[in-house]
Amino acid sequence: MIKKQPYMNVGAAILFVLFGLLFFILLYRYFSIEISGEAAGQPLAAKAQKKYTRVGTLEASRGIIYDRKGEVVAEDTASYTLLAILSKKMTTDPKHPMHVKDPRKTAEELAKYIDMDESEIYSRLTKKLFEVQFGSAGKDISIETKRKIEALKLPGITFIPQMKRFYPNGVFASHLVGYADPDEKKDNKIVGQMGIEKSLNDYLTGTNGKINYESDLWGYILPDKKENITPAKDGDDVYLTIDQKIQTFLEDAMNKVVKKYNPKKIIAIVADPKTGEILAMGQRPTFDPKTKEGITDSWHNEAIETSYEPGSTMKIFTLAAAVNEGVFNPNELYKSGSYQVSPRSPAIHDHNYSGWGTISYLEGLQRSSNVAFAKIASEKLGFEKFREYLSKFGFDRPTGIDLPNEASGKIMFNFPIEKVTTAFGQGTAVTPIELIQAATAVANDGKMMKPYVMDKIVNHDTGKTIKQTKPEVVSTPITAETAKTVRNYLETVVTSKNGTGGRYKIDGYSVAGKTGTANIPNPNGAGYLTGSQNYIFSFLGMAPKNDPKLIVYVAVQQPQIDNYEYGSRPVSEIFKPVMKNSLQYLNIRPSKVEKSTSVKLGDLSGNSVTETVKKLKAQGFNPIVLGKGPDVTTQLPKAGTTILEGEKVLLGTKGKLIAPDMTGWSLRDVMQLAKLVDLKYNVAGSGYVVKQNISPGTPLKKGDNLIVQLQSPEQLSNNMEDTSQEKNSDQNISD
């Protein structure tokens, strides 16, 4: 063996020399190209410039979505993903380790800030990997939490920054606003997936900028070299017609009805009949745009994308057509109970089947008689004229609202039986937004307004308005005099002892409207579902009657009730608080001034805290003092704001502001606090506050991150009206 060793060394040397020669040949060829006067026909200077020119990206922000008053509905925000470096190779200086050196201590500390058990964190930190992440618990880390973790100076713990879409109000007109998420097919750029985020995505999406610079081989900018910057263009900002406060009224009311009656669906819309602006829109089931929780239960915007039989709310428009043609005599008598439009057609019946004997047509309206409206369509108006009015009211085409995927109603008008059932809302299908549009003609003195949700689009950088929606009259199906007369008749539906709408009375305000109870087609065959709960209960109302400022439509499908006669309960428990609170918020004076519960707030700054609290409580308001100083220095709502009885008034004093106990607070109360102190806030759930991350009594600082958990409370027992009114509840049932 010893004798063979020299030969082995010689062989190794020969191989080394050969490889060395090959290396120098390749190296010589490389440098001969790089340092030659020309390379592939290009001058050396140009080749060098190309080699060392680098391009960086300047990220553009997505546009902000605001409500009508400039409150943020959606915006971009920075978030971070937690990352742990496990490889020891990343550490070159033992005094400054760049990997996780102590997994046990690191797991113990991280468990205080992320929603993961210490044992699971430790398990991940001890894997034989280069790096690890922490699933959903390590994503969407806020800047505040990131800073707290960084302050621990844990070796190997770092963060990956990213932009995400932030929805500060949580569940808030979710299907209307929609949501935007990173799209892997577009380099993880945030793209709108639903609602306004989708339909106005081209406006909201910004254009990235870039920076060109010359650098050395390692990326360092060379001396005396100028940077060439193309600035990023942020996306345009969108202002909606939605009013944050009215939307919150609606969300709260729907939450309570869901808790109490557990319906299959709720659809609700609040609109300004003078302009067509949608002030609030909501539905249940819904989803949280941040977490996407609930989105698989209801992907569609039901108010826009779904058509169904409207029930007796359709009688509003049959009535309006008859009044406009001069063929409706409220005092004329007819025989209620049943009606056969032709010898071969099946008979239609009133909802109690037997009717109420011979009554007037006005009483027929009040009792929601199907027979009355069948006779109006066939004998008073005539089917041809009636069909013309259905088109004038827009029931045979989409409204053109600025939301994606709008459906169109379908008028069933081939046979005599279909024509009379359409007159009282059966057979023919319409969308909720079509009902709203048609109702504007009755509320707005004959002028039918096109509904819309986008107020304006504004250039984020210049503040210049680049697109503005203007109110549009799309039709004038009836005269102003007809509209006024119809509203007077519809008011009796609510006020008459025979009316089906007694549950919709509002103290101090006159309400005109119509109840509806629609059958649900059997999904497994012909006919309709049966049973006391299997209906869509609804109300389409406007107030004040003489000059309506608001239209509110509410539909509740298959609530948990004992008898269909109680179907108006869940509907009224949404309509009444939303209509009343919204009218007061808009400072619409009640007809009975002494019942007014709204007050214009004065300037409280400089006043004694003790006296201010005493005065506000005497007026029926709920003052919340945030400091310990003797005098008021700041307030919210601001001076001049009209507030409602029971609302919170936040009072700041000189010195540190102190976090209050927010248990039981509504979302709008939390938002007021965040605005006053300039806090960043995040919301989980819907309803009222049950948890807060900043303990009561803790000093508040500008920029602090406030996190609250909301939850729907148990309903207090409602002050129900006389059950005799419930028995008049509108039932649109026929053979």
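Just so we're clear, the structure is a prediction, and the values are computed from it rather than from any experiment.
- Atom CD of E293 sits in a sparse spot, with 12 or fewer heavy atoms from other residues, nucleotides or ligands closer than 6.0 Å.
- No side-chain donor-acceptor contact under 3.5 Å links S496 to the backbone of V493.
- A salt bridge does not link E71 with K245: every distance from a Lys NZ or Arg NE/NH1/NH2 to an Asp or Glu carboxylate oxygen is 4.0 Å or more.
- At a threshold of 4.5 Å between non-hydrogen side-chain atoms, the residues V571 and Y553 do not count as touching.
- E573 and Y261 form a side-chain donor-acceptor contact under 3.5 Å, judged by distance and modelled atom types alone.
- Comment: R284 engages E251 in a salt bridge, judged by a side-chain N to carboxylate O separation of less than 4.0 angstrom.
- Scanning both residues, I694 and N705, for their nearest heavy atoms gives CD1-O, 3.9 Å.
- The aromatic rings of H349 and Y353 lie parallel to each other, their planes meeting at an angle below 30°, with 60° marking the opposite boundary.
- Ion pair D669/K648 flagged as a salt bridge, since at least one NZ, NE, NH1 or NH2 atom sits closer than 4.0 Å to an Asp/Glu carboxylate oxygen.
- When all heavy atoms of K549 and L583 are compared, the pair lying nearest together is CB-CD2, 4.4 Å.
- Checking side-chain atoms of Q247 against main-chain N and O of M281 turns up a donor-acceptor pair under 3.5 Å.
- Side-chain contact annotation: E197 with Y167, donor-acceptor N/O pair under 3.5 Å present.
- Side-chain contact, T306 with E302: a donor N or O sits under 3.5 Å from an acceptor N or O.
- In this structure, D181 pairs ionically with K292, as a charged nitrogen and a carboxylate oxygen lie closer than 4.0 Å.
- Minimum heavy-atom separation, V708 to M662: CG1-SD, 4.5 Å.
- Counted by atom type alone, S307 and T431 present zero donor-acceptor pairs between their side chains at under 3.5 Å.
- For R367 and N352, the side-chain atoms include no donor-acceptor pair closer than 3.5 Å.
- Under 3.5 Å, the side chains of K514 and S368 contain a donor-acceptor pair of N or O atoms.
- Taking the six-membered ring for Trp and the full ring otherwise, the centers of F317 and F395 sit less than 6.0 Å from each other.
- Annotation: side chain of Q558 is not in contact with side chain of Y535 (no heavy-atom distance under 4.5 Å).
- With respect to D140 and K164, a salt bridge is recorded, a charged nitrogen being found less than 4.0 Å from a carboxylate O.
- Within the 4.5 Å cutoff, the side chain of F575 has heavy atoms near those of the V511 side chain.
- Atom NZ of K264 sits in a sparse spot, with 12 or fewer heavy atoms from other residues, nucleotides or ligands closer than 6.0 Å.
- Taking the six-membered ring where the residue is Trp, Y179 and F287 present perpendicular rings, their angle passing 60° and hence far from 30°.
- A donor atom on one side chain and an acceptor atom on the other are not found under 3.5 Å apart for E309 and N519.
- Under the 4.5 Å side-chain criterion, counting only non-hydrogen atoms from C-beta, L319 is in contact with Y489.
- Checking E434 against T399 by side-chain atom types alone, no donor-acceptor pair falls below 3.5 Å.
- In this structure, a donor-acceptor pair under 3.5 Å is present between the side chains of K315 and S312.
- Residues D350 and S369 bring a donor and an acceptor atom of their side chains to less than 3.5 Å of each other.
- With values rounded to the nearest 0.5 angstrom, M314 atom CE is found 7.5 Å from L435 atom CG.
- Side-chain atoms of Y585 and D243 include a donor-acceptor pair closer than 3.5 Å.
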